[in-house]
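In what follows, a single structure is set out as structure tokens and then discussed.
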Amino acid sequence: MKTVMILGGTKGVGNEILKSSLDQGYNIAFCGRNLDEGNKIIQSLQAKDKLYFHQIDLSTIDEIENYFNETIKRFKKVDALVVYSGITPISSIVETEEDIFDNVFNVNLKAPYFLIKHVLKSMVASKSGSIIFFGSAHMDYGMKNRAAYALTKSTLYTLSTHIAHHYAEYGVRSNYIVMGWTNTEGELKLRHSEGINEEELKTKAARILPMGRMLNRYDPVPAVMHLISDDSAMTTGSVIRVTGGQYI
């Protein structure tokens, strides 16, 4: 029985990963700011014995160790860690204030780093584990107004390859999924603030993306499930681009 730990899991692709993991019979730990939201997910899926929600604010690392400890207490181990949660502030280099920079680095990089610190120790001890990073097509250079965000995503790629190189001898794998332009809740909220509705967004994306449409919340899930499974036992250090051809 595998245990999947998700950094995030209440919304978007992270929530679909949670549901697909549950369909596989896995135990799942997930986290978020809103306790009521987490409890509603557990109740709606009728899987109290297989789901654990930990309330956490990823702008600090105050609850990171507790999240790990409670997951181990509940499920005894972590077989896979999915680093999904992240924020995407709109700001070019010349527009970035210190609070914007600090917030995106805290949520997108510092919180994952220190959760991995604890999870990695556990995986090394058990001689197995899969860490799956969610990256972005912005990782190489990205849009002009996503500067700090692009830096965090490229740094997560470096972290993934670092783990793949140095911890393979312990049976720990690390891989990086590049997720393209996706109609997540956060993306829709952002576009709504710009006066763009979902249909207008999809039409715009269809003109830009080589494969003719933006991603939906289900598109990246099969790649994640493969990397969680034993079918990918010899896959590490890889980059899987689920982008519809964005930035190729």
Side-chain angles (χ1 to χ4, degrees), residues 1-15 17-22 24-43 45-87 102-103 105-134 152 155-156 159-160 162-164 166-175 224-225 227-230:
M1 179 71 67
K2 289 185 183 293
T3 294
V4 177
M5 192 176 192
I6 305 174
L7 196 62
T10 62
K11 294 182 174 66
V13 177
N15 189 247
I17 293 167
L18 182 154
K19 293 175 184 176
S20 292
S21 295
L22 192 61
Q24 291 296 318
Y26 301 156
N27 297 317
I28 305 106
F30 65 115
C31 66
R33 291 188 179 190
N34 191 312
L35 182 60
D36 288 340
E37 186 176 42
N39 288 335
K40 285 179 181 177
I41 290 170
I42 293 173
Q43 291 168 7
L45 295 173
Q46 299 180 332
K48 186 176 180 180
D49 292 339
K50 302 190 75 64
L51 293 173
Y52 167 67
F53 175 78
H54 192 90
Q55 187 176 20
I56 193 169
D57 179 353
L58 295 178
S59 63
T60 74
I61 62 167
D62 292 347
E63 277 295 313
I64 285 289
E65 186 172 3
N66 286 339
Y67 179 32
F68 169 76
N69 288 338
E70 289 299 319
T71 299
I72 294 296
K73 182 179 178 181
R74 177 75 179 269
F75 299 127
K76 311 305 180 188
K77 60 176 181 173
V78 175
D79 297 287
L81 172 64
V82 181
V83 180
Y84 172 73
S85 189
I87 58 173
D102 287 345
N103 198 30
F105 269 77
N106 284 341
V107 174
N108 292 9
L109 188 58
K110 187 175 181 180
Y113 185 96
F114 281 95
L115 181 57
I116 289 166
K117 170 187 172 181
H118 301 294
V119 171
L120 196 53
K121 290 179 182 178
S122 173
M123 288 180 171
V124 167
S126 64
K127 300 292 184 181
S128 67
S130 176
I131 298 174
I132 302 155
F133 289 88
F134 261 80
T152 63
T155 304
L156 285 178
L159 182 56
S160 180
H162 175 92
I163 294 168
H166 292 289
Y167 293 89
E169 63 180 304
Y170 305 106
V172 178
R173 301 179 288 114
S174 183
N175 295 282
V224 177
M225 301 312 297
L227 293 172
I228 291 172
S229 77
D230 293 336

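This structure is a prediction, so every number in the text was calculated from the model and none was measured. Just so you know, residue 1 is the first one in the sequence shown, and it goes up from there. Any value given below was found using the heavy atoms of this structure, including those in side chains, with hydrogens, waters and symmetry copies removed.
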| Val78 and Thr71: CA distance, side-chain angles, deciding distance, side chain to side chain contact (heavy atoms under 4.5 Å, CB included) verdict | CA-CA 8 Å; Val78 175; Thr71 299; 4.0 Å; yes
| request: Find the distance between CZ (Phe30) and CE (Met5) and round it off to the nearest 0.5 Å. | output: 12.0 Å
| Is the NZ atom of Lys110 crowded by more than 12 outside heavy atoms at less than 6.0 Å? | no
| What closest approach, in Å, do Arg173 and Ile228 show between heavy atoms, and which atom pair accounts for it? | NH2-O, 4.2 Å
| field | Test side chain to side chain donor-acceptor pair (under 3.5 Å) applied to Tyr52 and Lys48, His54, Lys50, the passing residue | value | His54
| field | Under 3.5 Å donor-acceptor, Asp79 side chain and Val4 backbone | value | no
| Nearest atoms (heavy-atom pairs only) where Thr10 meets Cys31 | CG2-O, 3.8 Å
| Looking at side-chain heavy atoms only, is the closest gap between Gln55 and Arg33 below 4.5 Å? | no
| message | Rounded at 0.5 Å granularity, tell me how far CG in Asn106 sits from OG1 in Thr152. | response | 11.0 Å
Would you be so kind as to tabulate the donor-acceptor pairs closer than 3.5 Å made by side chains of residues 112-129, with sequence neighbours excluded?
from   : atom 1 : to     : atom 2 : distance (Å)
Ser126 : OG     : Ser122 : O      : 3.3
Ser126 : OG     : Met123 : O      : 3.2
Ser126 : OG     : Ser128 : O      : 3.4

| Got a donor-acceptor contact below 3.5 angstrom from the Ser21 side chain to the Ile17 backbone? | yes
| request: Return the minimal non-hydrogen interatomic distance between Ala111 and Val107, and the atom names on each side. | output: CB-O, 4.0 Å
| note | Closest heavy-atom pair, Phe53 versus Asn34, reported as atoms and distance to 0.1 Å, is CZ-O, 3.4 Å
| said: How long is the straight-line distance from CG of Asn175 back to CG of Leu227, given to the nearest 0.5 Å? | reply: 5.0 Å
| task | Quick one: closest heavy-atom pair of Ile131 and Phe133, and the distance? | result | CG2-CE1, 3.6 Å
| request: Supply the atom-to-atom distance Ile56 CD1 to Ile64 CD1, rounded to the nearest 0.5 angstrom. | output: 4.0 Å
| task | First locate atom OG of Ser174, then atom CD1 of Ile132, and finally report the distance between them rounded to the nearest 0.5 Å. | result | 9.0 Å
| field | Which residues share a ring-ring contact (aromatic ring centres under 6.0 Å, His included) with Phe105, sequence neighbours left out | value | Phe101
| Hey, what do you get for OG1 (Thr155) to CG (Asn108), rounding to the nearest 0.5 Å? | 10.0 Å
| Taking side chain as C-beta onward, heavy atoms only, is Lys2 less than 4.5 Å from Lys77? | no
| What are the two closest heavy atoms between Asn27 and Asp49, and how far apart are they? | OD1-O, 4.4 Å
